[in-house]
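Worth knowing before you read on, the calculation uses all heavy atoms, side chains too, and leaves out hydrogens, waters and symmetry mates. If you're wondering where the values come from, they're calculated on a predicted model, not measured in any experiment.
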Amino acid sequence: HVQLVESGGGLVQAGGSLRLSCTASGSIDSINSMGWYRQAPGEQRDLVARITSGGSTNYADSVKGRFTISRDNAKNTVYLQMNSLKPEDTGIYYCHAKLRDIVVGPLYNYWGQGTQVTVSS
């Protein structure tokens with residue numbers, strides 16, 4: 001069993017900043033990648049940012065230049081620094097990990113329960 005726990009969400013005014021964190025724990029063999037997905041009310045859950053075990057990153061076009069993803073491999077933790085926040089950034093941010101679970105076996109996708117980010121105009 002693997003669990004992803006997010007923190008750092010909250011209410012912030014437009015132009016402000018938040019820093020999200022997500023820690024994976026449990027029967028982890030290895031982590032291929034970790035990332036953040038956002039789901040706005042009534043909308044698709046879309047990729048915001050992702051980072052691989054090798055350090056490669058990719059971002060949604062809408063957040064490039066404003067958000068930065070980073071990780072601490074030793075702690076199985078991924079961070080998302082969000083600056084210059086806009087109301088359109090509002091949503092539930094879900095941590096995602098593609099990893100090998102000792103119990104499950106091959107590469108498997110795990111999701112956190114989400115943390116709410118609300119940006120007021």
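Here the CG atom belonging to Asn32 is positioned 7.5 Å from the OG1 atom belonging to Thr52, to the nearest 0.5 angstrom.
Annotation: ring-ring contact (aromatic ring centres under 6.0 Å, His included) contacts of Tyr37 (sequence neighbours excluded): His96, Trp111. In this structure Thr77 satisfies the side chain to side chain donor-acceptor pair (under 3.5 Å) test together with Thr23, sequence neighbours excluded. Listed by chain and number, the residues in a side chain to side chain contact (heavy atoms under 4.5 Å, CB included) with Asn73 are Arg71 (sequence neighbours excluded). With sequence neighbours excluded, the residues that form a side chain to side chain contact (heavy atoms under 4.5 Å, CB included) with Ile92 are Tyr94, Gln116. Every residue two or more places apart in sequence or in another chain that forms a side chain to side chain donor-acceptor pair (under 3.5 Å) with Ser33 is listed here: Arg50.
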Pairs of donor and acceptor atoms involving the side chains of residues 9-22, under 3.5 Å and at least two apart or interchain, shall be tabulated with distances.
from, atom 1, to, atom 2, distance (Å)
Ser17, OG, Asn83, OD1, 2.8
Ser21, OG, Ser7, OG, 2.8

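No side-chain donor-acceptor contact under 3.5 Å links Thr57 to the backbone of Ile51. Under the 3.5 Å distance criterion, the side-chain polar atoms of Gln113 are left unmatched by any main-chain donor or acceptor of Val5. Thr115 places no side-chain N or O within 3.5 Å of a backbone atom of Tyr93 that could act as its donor or acceptor partner.
The two residues Met34 and Ala97 make their nearest non-hydrogen contact at CG-CB, 4.0 Å. Contact record, Ile28 with Ile102: O-CD1, 4.0 Å, taken as the closest heavy-atom pair. The minimum heavy-atom distance between Cys95 and Val78, with the atom names listed, is SG-CG1, 4.0 Å. Heavy-atom minimum distance, Ile31 versus Ser53: O-CB, 3.3 Å. In terms of heavy atoms, Leu4 sits closest to Ala24 at CD2-CB, 3.2 Å.
Among residues at least two apart or in separate chains, salt bridge (charged side-chain N to carboxylate O under 4.0 Å, His left out) pairs with a member in residues 84-109 are Arg66-Asp89. Applying the ring-ring contact (aromatic ring centres under 6.0 Å, His included) test to every pair with at least one member in residues 45-85, sequence neighbours left out, gives no pairs at all. Contacts classified as ring-ring contact (aromatic ring centres under 6.0 Å, His included) and involving residues 4-35 (residues at least two apart or in different chains) are not found. Identified under the ring-ring contact (aromatic ring centres under 6.0 Å, His included) test for residues 8-35, with sequence neighbours left out: none.
Residue Leu107 shares its hydrophobic cluster (ILVMFWY side chains chained together at separations under 4.5 Å) with no other residue. Taking a 4.5 Å side-chain heavy-atom cut-off between Ile, Leu, Val, Met, Phe, Trp and Tyr, the cluster of Val103 contains only that residue.
Between Val2 and Ser25 the shortest side-chain heavy-atom distance does not fall below 4.5 Å. Looking at Asn76 and Leu99, their side chains never come closer than 4.5 Å, going by heavy atoms from C-beta outward.
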